[in-house]
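Below: the structure, in structure tokens.
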Amino acid sequence: MLRSVLLLLPLLAALLGPRPAGAVESVRVPPDAQAIDLTHWVENYSNQGDRIQVSTAPGSDGIVRRIEVQAREPGAHPAWIVFALTNDTDEQIERLIVAPHFRLVGSGVIWPDLGSERIAGITASQGIPPEKEESDDADVFRLTLDPGATVTYVAELKTPKLPQLYLWEPDAYKDKTTGLTLYKGIVIGIAGLLALFLTIVFVVKGAVIFPAAAALAWAVLAYVSIDFGFWSKIFGTEANADRIWRAGAETVLAATLVVFLFAYLNLGRWHVRASHIAGVWLAFLLALVGLAVYDPPIAAGIARISLATTAAVGFILVIYLATHGVERAVMLIPTWLLLVIWVVAAAFIVNGSIANDLASPALLGGLVLLVMLIGFTIMQSAFAAGGVAHGAISDVERKALALTGANDVIYDWDVVNDQIYVSPEIEEQLGMRRGDLEGPASSWLSLLHPMERDRYRACLDTVLQQRRGRISQDFRLHASDGNYFWFRLRARPVVGPDGDVVRLVGTLTDVTDQKNAFERLLHDAVHDNLTGLPNREIFFDRLELALLHAEAEPDKRPTALCVDIDRFNRIIQTVGASAGDSILLTVARRLGRLLQPRDTLARISGDTFAVILASQADTEQIVQLADRIRRTVSTPVTFANHEIPLSVSIGVALYDPQWHPKREDMLKDAEIAMRYAKRDGGGKIEVFRPSMRSQGANRQAMESELRRALERDEIKLFFQPIVRLDDRTVAGFETILRWQHPRMGRIDASEFVPLAEETGQIVDLSLFAMHRAARELAAWQKALDVNPPIFACVGISSRQVLRHDLIADVKNILTRVSVLPGSLKLELSEALVMENPEYSAQMLGRLKELGAGLSLTDFGAGYSSLAYLQRFPIDMIKVDRAFVRHDAQTNRAAMLRSLVTLAHDFGMEAIVEGAENESDVIEFSQIGCEYALGFAFGPPLSVADARKLVGAAAEPVS
């Protein structure tokens, strides 16, 4: 019996019985809502005995009441659910509570939920009691909500699990069930016809594959009928009995799939052990049918695993046999590939990853479609005779089929009649009328590119004269719109009885895309990708040519200019990488307008341009031109309504045969003069003097000492704490390099890393930082048992990203040093990954597979395509320091919050750089950022101090 008791006083409630549950949150029921998912709104209770006390949801008067519900069977211990509904309208609302008996979505693989009756009864806190309606595949209760009422419902469950609970508008539920019933009927009808057809074919054609396919079709029909509820209507079974039928059907389905694979591929003939394996497998599955009567979940779980195993093993067998020339396996590849895709989709559905209500009917429809494809495959295999499948075609027909499949254009020159025939496709491509390319061979000369006409004529004449050989040449044909298309002519002569060539037959293949790609590669190899200017290699080539001319003709004296933008890195940090690209393009255009055609302008590094000045030989005019370049380039640039001031430093190296025997020497002198011009703030012009070489020598000495710094253990690794803002604990560290120079003392990374970037030593430094950080990280994680684990961030330079050895280096470090997956985070700047997004996506994906974490630095400083950013498997982003230094506090908070929210939407964690004081830390925490980094948490720490900070006493493993 069910009884409701209104308990007004908490003391009386405590004296009467068990402790009541807390008040439930009410769900508003809009009058126009067709369906509401209540699955995640219900509160579940167990171990309450044969009665439960709950607090109702607050009514319109705000009062919370309590009710007590008695189980249907005294002494029972059922599971309970509680939910509340609110009708805030002035009309009465009727709805249906629907709890499906079986739901494939989320049913699971191991001990799956095979369905049963879910709800024994529902008790309302007020109003009209819910009425149960008849339904074969769901527990349906009709609810009535009075106007302005909030009703709390207590439902007694028959099973501990409740996969789904929906509140339906009656007419909408009726329409849904009607449409779904129609779909189920169509699918079952197709499955029945397919099973009957394969059975008839088996009777007519007694091949062994037909009974196997028919058995599979009947098993699919039985499973679909059980799942769609038609089985219970035919045989009058109950909902709980369907569990046995469903488990048995899944077991039979897995067994018939094994039988079909074994019969179709003739595995018994392929290897005798295959018969033994298949026999044991089938015997095991048949034993599961008996087990389904006693324990359906275990039988169904094993059957599902067997089905997935059969699909995977079968796909491997099909591919193996197909590569060894088994024709049946080749024909089965598409169908079995679809089966593997179906099994993967089924795995997502039964595990709940795909939770759409249409997923289960669509999956069963796909299963019927797979059986249909299997039927088509075996029909083609069994009845194909005298056609292409059995090779009963001539060699000429086979070549014609191959030519059609290759989609090439036929080229046929009747030499005797001097008449060319080509397929009409090429005339359509060139925008010509049918027959415009047909005629004598000489008619093609006007269509060919002028540079290819002689070669075309020569190759045809050579074949006619030698009466043998093959033609493989590329030509350009002129289209009606003025463009040229590249075609590759492959042809061979046909010799007549008299020994002369009577025909030249071959193909024309469109290779325009290949040619364009090759030309683009050649262009990119010697030009800068951003500005289109010549790069360092072509600059040196032209400089060497200019020096050779100067040796032959003394009056021709080239001059080298090195133009470098002052404080360019600071500009990028302030306004972003996109503005930096715009500045470089603007400077390139301004320089190009000031130079003559005889001069050469190149971009030789990030913000450095070089000029070969061949149009001027007078020193005074050269200096005047350099000053004009300085003044013109220094004009401010406007970007995004911001005016960016510019200045450049220019070094001039005049030609001197004694000092410039090599091309590198002249550019090196110009760079030395440019560095002299940068002293005292830059914006100057310096002409190289031999006395300046001392500075270059000092730089070379520092470069040489840097090469030996790692060997001498002078490079030290420091750790800047990264703090978790919610509890102010150390979550990880950012690694920082310091050079402990024996004479100059401690040198910051900003002073020697640019030199390492230029010389390529940055690769060794980064590998050193990764290896040392991994060693320390492994020691910390071994000594500390914290979750989430402590992590370390190591910066990756542009040279490392471009090296193909980066994957091997990271793999080697992670193999030698055991750190938790994702805790060693490799930092790449936003501008770096966006230089080549496709390559970066592949590289980052492979690093992620190795177990490395990935962090994106300078986030927000440049422009990033969100479509590409979603493709990068980034774990963490580091918001650029420029946003923290923003002057307007309100704008700063808004921008930081937007960037952090964007990172969270992409599933990434966020670190904000530049936490200088406690107010910054509080602000970063309020905007939802997980981590912060800055001097508010102290300066960078040595290895020993970092160990003390995290409390890890263990020494790192060497």
Side-chain angles (χ1 to χ4, degrees), residues 104-105 107-110 112 191 194-195 198 209 212-224 227 246-268 270-271 273-275 277-286 288-289 299-324 326 328-354 359-360 362-378 381:
L104 185 63
V105 176
S107 60
V109 177
I110 307 299
L194 184 61
L198 291 177
I209 57 176
L216 179 62
W218 285 110
V220 170
L221 175 61
Y223 181 74
V224 172
D227 193 89
R246 185 170 287 108
E250 291 185 4
T251 305
V252 173
L253 178 62
T256 52
L257 187 63
V258 174
V259 172
F260 167 76
L261 182 67
F262 181 83
Y264 182 83
L265 295 179
N266 287 326
L267 296 181
W270 175 54
H271 204 289
R273 291 185 180 178
S275 301
I277 295 175
V280 173
W281 201 337
L282 285 176
F284 174 71
L285 291 176
L286 292 177
L288 285 181
V289 178
I302 298 176
R304 293 181 179 185
I305 295 174
S306 174
L307 185 66
T309 304
T310 303
V313 174
F315 185 72
I316 296 173
L317 285 174
V318 168
I319 296 298
Y320 175 80
L321 295 177
T323 55
H324 285 72
V326 179
R328 281 191 175 185
V330 175
M331 298 170 63
L332 192 61
I333 288 178
T335 302
W336 208 264
L337 179 60
L338 290 177
L339 175 63
V340 173
I341 296 174
W342 182 88
V343 169
V344 173
F348 282 114
I349 291 174
V350 300
N351 286 325
S353 299
I354 301 177
S360 178
L363 189 68
L364 295 180
L367 181 61
V368 175
L369 177 62
L370 280 172
V371 176
M372 185 181 298
L373 292 177
I374 288 175
F376 290 156
T377 302
I378 64 172
S381 174

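- What you find for Ala311 and Val340 is that their closest heavy atoms are O-CG2, 3.8 Å.
- Taking the side chain as every heavy atom from C-beta outward, Trp342 and Leu307 approach each other to under 4.5 Å.
- Heavy-atom minimum distance, Val330 versus Pro334: O-CD, 3.9 Å.
- For Ile110, the side-chain contact (heavy atoms from CB on, under 4.5 Å) partners two or more places apart in sequence, or in a different chain, are Ile305.
- Atom CG in Leu338 sits 7.5 Å away from atom CG in Leu369 (nearest 0.5 Å).
- Leu373 contributes atom CG, which lies 12.5 Å from atom CH2 of Trp336 (distance to the nearest 0.5 angstrom).
- Separating the OG1 atom in Thr323 from the CG atom in Leu321 is a distance of 7.5 Å, to the nearest 0.5 Å.
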